[in-house]
Amino acid sequence: MRRFLVDRASIENVNVVQQEAELEPAPNVVNEFNPNEIVRDPGHRKQINEYAPDIQDQVRRAYILKGFCVAKSILVPNMDDEIPVRGRSRAEGRTITNLHHYRAEIFYVAIDKICVEMDHRFSGGSNIILDCFSCLDPKNSFSKFDVDKLARLADIYHADFSDDDRGTIRDQLETYVLQVRRNASFSTCEDVQSLAMKMVQTEKHLVFPLVYKLIELALILPVSTASVERAFSAMKIIKSKLRNKINDVWFNDLMVCYTERKIFKSLDDIDIIRTFTAKKSRKGHLPRNFI
């Protein structure tokens, strides 16, 4: 999740720069700029190929962003230039490079704040589950796929997997990743949702049922988390200071009525009264128009 947020933040920054620059477009500059020409340039393409495959996409985006800034006359600082240390007197003569400023004082600080926010919102167990589910990401030919982490999910969700399933899931995961990497139709998948749809279309969910079950768990995870949060919010509303000694059974019934209030609104009040009355005989009797 942290790697996903970092990638998402870098992409959003590129989009913000493009949107701000496109507010006042210069016709001659816009027509001259073509991101594909920058990537197709032999010199740039050679430099991109020198990097590892897992970061070539980031380097390619950096070249596109740099070319866009040049085309829009946006100043791109030289990372080797030295600037005065912020918060210090210029008389001291202390300087740092632009690279250190943007990396240590801006980028690392933003990443630390994201990590702290993630730790506050999610517990250690939740972070492990999110890290394991991130291995299902189909981008870059399933580059994040990790058999050990995905097999660990079968142990975490032990109620959904039998002992036989936990013994065979590793072999099924290894066979699955080999087949989807060779299948060209899976190269168009961008997220877990499109991956699940593609598996159903190609009937891979019948060949790899355990892997498809992991994908289903990944898809319902946000829904289950939101449901739990809504349940805790309902607890604060129902169990107030005036009802702090409420019985557990009665409290559970009120929770069901509150969380599923859309269903209860569709029910007829007279049917509820008749059902409640028919459970046992009571001293009081309802009017005849209710019976």
Side-chain angles (χ1 to χ4, degrees), residues 1-8 11 54 114 117-119 121-235 252 255-256 258-264 266:
M1 177 61 76
R2 293 176 182 175
R3 291 196 299 269
F4 168 77
L5 291 175
V6 172
D7 294 340
R8 184 64 180 271
I11 295 173
D54 56 342
I114 293 174
E117 184 68 19
M118 289 284 293
D119 293 336
R121 288 182 176 269
F122 301 99
S123 61
S126 300
N127 288 331
I128 293 173
I129 294 175
L130 292 174
D131 187 31
C132 294
F133 276 126
S134 65
C135 298
L136 292 171
D137 188 5
K139 292 181 180 178
N140 298 326
S141 186
F142 296 85
S143 59
K144 297 181 180 179
F145 197 88
D146 192 328
V147 176
D148 295 332
K149 291 182 178 180
L150 292 174
R152 187 178 181 183
L153 288 172
D155 297 330
I156 296 174
Y157 293 93
H158 56 86
D160 297 311
F161 296 90
S162 63
D163 295 336
D164 295 337
D165 293 340
R166 288 193 289 270
T168 60
I169 191 170
R170 285 182 175 273
D171 296 334
Q172 194 170 126
L173 287 168
E174 292 174 355
T175 308
Y176 161 79
V177 70
L178 290 176
Q179 291 195 15
V180 295
R181 283 175 176 172
R182 295 174 182 174
N183 196 333
S185 60
F186 284 89
S187 60
T188 58
C189 298
E190 297 181 353
D191 50 21
V192 181
Q193 181 180 359
S194 59
L195 175 62
M197 295 173 62
K198 185 64 66 176
M199 287 191 65
V200 175
Q201 293 174 2
T202 57
E203 296 185 352
K204 295 288 186 183
H205 68 295
L206 301 177
V207 182
F208 305 103
L210 298 180
V211 180
Y212 188 71
K213 185 179 289 187
L214 290 177
I215 295 176
E216 288 180 331
L217 292 173
L219 291 175
I220 66 174
L221 180 63
V223 179
S224 60
T225 305
S227 302
V228 173
E229 291 180 355
R230 285 196 295 267
F232 277 104
S233 300
M235 288 175 60
N252 184 55
M255 285 284 295
V256 173
Y258 184 84
T259 54
E260 305 296 341
R261 55 186 178 276
K262 291 183 179 180
I263 298 176
F264 281 94
S266 62

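These numbers come from the heavy atoms of this one structure, side chains and all, not from hydrogens, waters or symmetry mates.
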Go through the steps to decide whether Ile129 and Ile156 satisfy the test side-chain contact (heavy atoms from CB on, under 4.5 Å), and finish with yes or no.
CA-CA 8 Å; Ile129 294 175; Ile156 296 174; 4.2 Å; yes
Determine whether Asn183 and Ser185 satisfy the following criterion, side chain to side chain donor-acceptor pair (under 3.5 Å), listing intermediate values before the conclusion.
CA-CA 6 Å; Asn183 196 333; Ser185 60; 2.8 Å; yes
Residues Thr168, Asp171; criterion side chain to side chain donor-acceptor pair (under 3.5 Å); working and verdict
CA-CA 6 Å; Thr168 60; Asp171 296 334; over 6 Å; no
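Atom CD of Gln179 is surrounded by more than 12 heavy atoms from other residues, nucleotides or ligands within 6.0 Å. Counted within 6.0 Å of CD on Gln201, heavy atoms from surrounding residues, nucleotides or ligands total more than 12; the atom is thus considered enclosed. Other residues, nucleotides and ligands contribute over 12 non-hydrogen atoms within 6.0 Å of the CZ atom of Arg181.
A cation-pi arrangement is not found for Arg261 relative to Phe264, the charged atom failing to lie both closer than 6.0 Å to the ring centre and inside a 45° cone about the ring normal. Within the cation-pi definition used here (under 6.0 Å to the ring centroid, within 45° of the axis), Lys204 does not qualify as a partner of Tyr176.
Looking at every heavy atom in both residues, Val192 comes nearest to Pro138 through N-CD, 4.3 Å. Nearest heavy atoms, Leu214 versus Leu150: CD1-O, 3.9 Å. Minimum heavy-atom separation, Ala218 to Phe133: CB-CD2, 3.4 Å.
Electrostatic pairing of Asp163 and Arg166 counts as a salt bridge here, judged by a charged N lying under 4.0 Å from a carboxylate O. Using a 4.0 Å cut-off between a side-chain N of Lys or Arg and a carboxylate O of Asp or Glu, Arg170 and Asp148 qualify as a salt bridge.
Taking the side chain as every heavy atom from C-beta outward, Cys189 and Met197 never approach each other to under 4.5 Å.
Here Thr188 contributes atom OG1 and Leu195 contributes atom CG; the two are 10.0 Å apart, rounded to the nearest 0.5 Å.
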